[in-house]
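Quick note: numbers below take in every heavy atom, side chains included, and nothing from hydrogens, waters or symmetry partners. Small disclaimer: the values here were computed from a predicted structure and weren't measured. A note on names: the letters A, B, ... follow the listed sequences, proteins ahead of strands, and every chain is numbered from 1.
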Number of protein chains: 2
Amino acid sequence: MARIKLHEQVRRRIERLIADQAIKPGAQIPAETDLAGEFNVSRTTIRNALNVLEQEGKIERTRGRGTVVRQPRLGQLLGRLLSFTEEMKLRGLTPSNRLIEMTQTVPSTPIRTLLRLDSESVWRIRRVRCANGEPIAIETCYIPWSALNEQDAENLGNGSLYELLGRLGRAPDRSEQSAQAASATPEEAALLNIESNRPVLRFERLSFDANGEPIEFVTSTYRGDKYSFHVLLKR
Amino acid sequence: MARIKLHEQVRRRIERLIADQAIKPGAQIPAETDLAGEFNVSRTTIRNALNVLEQEGKIERTRGRGTVVRQPRLGQLLGRLLSFTEEMKLRGLTPSNRLIEMTQTVPSTPIRTLLRLDSESVWRIRRVRCANGEPIAIETCYIPWSALNEQDAENLGNGSLYELLGRLGRAPDRSEQSAQAASATPEEAALLNIESNRPVLRFERLSFDANGEPIEFVTSTYRGDKYSFHVLLKR
DNA sequence: CAGTGGTCTAGACCACCTA
DNA sequence: AGGTGGTCTAGACCACTGC
């Protein structure tokens, strides 16, 4: 029986209120002390929950004034680590995948270094990622061989890799991600159904499990015209 | 007399230790309880300070194991709101500016809406941003007229806008930023000293002061070959 | 002025790691 | 078993807002 953290329970209940429009965008959320009383937890726990909601862009806090529900204005905000599947669902799109390649190889030295491997092999998984059936991105993902057996790997045609890794006890916990603008190579252009040299967003992501062990290295190429990346920054 | 927050004092002292290599990358930082004893503050205060350092990518915490100084591996990480000037300094580059345009205009409707203006005019400031003398980005920045007088504005050729706004009591506190890949327009290409249609990273940023009032809207176009954007994401 | 979120204290127990 | 960071409590005072 998995123990669910208190502040997570609180967060979900408030998220639910927002999603159901029980508290409408722009409207005020009860004060932190009131929430603490209602949920029968300490104010610290309430604040932990609200910190996450703030980071996700769902609420906005102002000292002396209160906390209000934000009306999402730009696209979906990405302040936390999400899988492609999760992200597309958040944006209200239906994700799907097309598996292009799934092989076991020994990767290049830089990738071996990032994944802290010597000469072990990895799974190399290439997928075209679609939203509402339309190709949005190409993802090439390197998973240490030891993390995945062949049978598990077979389900990846449709499923979420993060979900799978979670069931194996190696859920991603944090990642370093970089983004860069580039031109689509002919191969990318063909897979994404765009012309060569059109602008694309290229991401590299190195993810770690809760032990700080590298669990995946991913490069993704997103169509420049169909995708943008949003963050909330605090001073 | 400005009151400096306790956790900020603590953060700076630890940052100093890291910068001076008194604690080397990979080495362990004293436990939170020990730090609390040393600095004579509560553990909560220590944790507030460490949270920021973690978000900035300077330390890495693992439950049961401890906290170590991260060796920066990718480029500079951007988890917090920085000005161009600050960012370039962090990357060890020398920032400079070339002012292209500085006018007072009434902006288009979408920008008026973002800045919550009716028909008031704004300062429209276009600058080429350079690192070590080389053009890196074009920045077009819209500041509500009321926030800046003509004399202040004159210093912008060389100075930091954020510093100036801070002195006027309207320092940016948070911002919403989006990033997109695109092709350089002929004008952009000329200013950035690249060919037309080369990939660029286009950012839009809407910043707010501590009262939640919009203080600037900025669009920036960065050379795709000279710039990438890094973030640390937590699950 | 009362009410809000921001900061801070001094404890406590837990989950997890290393030895 | 002892030490670590993660969670949580029950208080307190402060800075700021808006009436």
Query - Euclidean distance, atom CG of residue A:Leu35 to atom C1' of C:dG3 [Å, nearest integer] - result: 14 Å
Query raised in the report: Looking only at heavy atoms, which two atoms of B:Pro144 and B:Val122 are closest? And how far apart?
Result: CA-CG1, 4.1 Å
Requested in this report: Would you kindly give the CD-to-P distance between B:Glu32 and D:dT7, to the nearest whole Å?
Outcome: 11 Å
Query raised in the report: Just how far, in rounded Å, is P of D:dG5 from CG of B:Asn51?
Result: 12 Å
Report task. May I have the distance from A:Gln28 (atom CD) to C:dG3 (atom P), rounded to whole angstrom? Result -> 14 Å
Query raised in the report: Less than 4.0 Å between a side-chain N and a carboxylate O, is that true for B:Glu38 and B:Arg13?
Result: no
Report task. Could you check how far CG of B:Asp209 sits from P of D:dC16, rounded to whole Å? Result -> 13 Å
Show me the protein contacts with nucleotides 17-19 of chain C, counting only N or O atoms at under 3.5 Å.
residue: C:dC17; atom: OP1; partner: A:Asn211; partner atom: OD1; Å: 2.8
residue: C:dC17; atom: O3'; partner: B:Arg65; partner atom: NE; Å: 3.4
residue: C:dT18; atom: OP1; partner: B:Arg65; partner atom: NE; Å: 3.3

Query raised in the report: Which residues pass the side-chain contact (heavy atoms from CB on, under 4.5 Å) test with B:Arg11, sequence neighbours left out?
Result: B:Glu8, B:Glu15, B:Ala49, B:Val52, B:Leu53
**Report entry** A:Leu53 CG - C:dG5 C1' separation (whole Å)
**Finding:** 15 Å
Query raised in the report: Would B:Glu176 and A:Arg70 pass as an ion pair if we require N to O under 4.0 Å?
Result: yes
Report task. I would like to know whether B:Glu204 and B:Ser178 meet side-chain hydrogen bond (donor to acceptor under 3.5 Å, both in side chains); could you show each step before the answer? Result -> CA-CA 5 Å; B:Glu204 294 193 351; B:Ser178 71; 4.5 Å; no
Collect all protein-nucleotide pairs involving nucleotides 8-11 of chain C in which both atoms are nitrogen or oxygen and the distance is under 3.5 Å.
residue: C:dC8; atom: OP1; partner: B:Leu6; partner atom: N; Å: 2.4
residue: C:dC8; atom: OP2; partner: B:His7; partner atom: N; Å: 3.2
residue: C:dC8; atom: OP2; partner: B:His7; partner atom: ND1; Å: 2.8
residue: C:dT9; atom: OP2; partner: B:Ser42; partner atom: N; Å: 2.7
residue: C:dT9; atom: OP2; partner: B:Ser42; partner atom: OG; Å: 2.7
residue: C:dT9; atom: OP2; partner: B:Thr45; partner atom: OG1; Å: 2.4

Query raised in the report: In whole Å, what is the span from the CD1 atom of B:Ile29 to the C1' atom of D:dG5?
Result: 13 Å
Report task. Using the six-membered ring wherever Trp is involved, compare the ring planes of A:Tyr142 and A:Phe217 and label them parallel, tilted or perpendicular (cut-offs 30° and 60°). Result -> tilted
**Report entry** Pairwise distance CZ(B:Arg126) to OG1(B:Thr140) - rounded to 0.5 angstrom
**Finding:** 4.0 Å
**Report entry** Aromatic ring pairing A:Phe84/A:Tyr222, orientation class (parallel under 30°, perpendicular over 60°, tilted between)
**Finding:** tilted
Query - Spacing of B:Asp173 atom CG relative to D:dA15 atom P, expressed in whole Å - result: 17 Å
Requested in this report: Please confirm whether the backbone N or O of B:Arg65 pairs with a side-chain atom of B:Gln28, one donor and one acceptor, at under 3.5 Å?
Outcome: yes
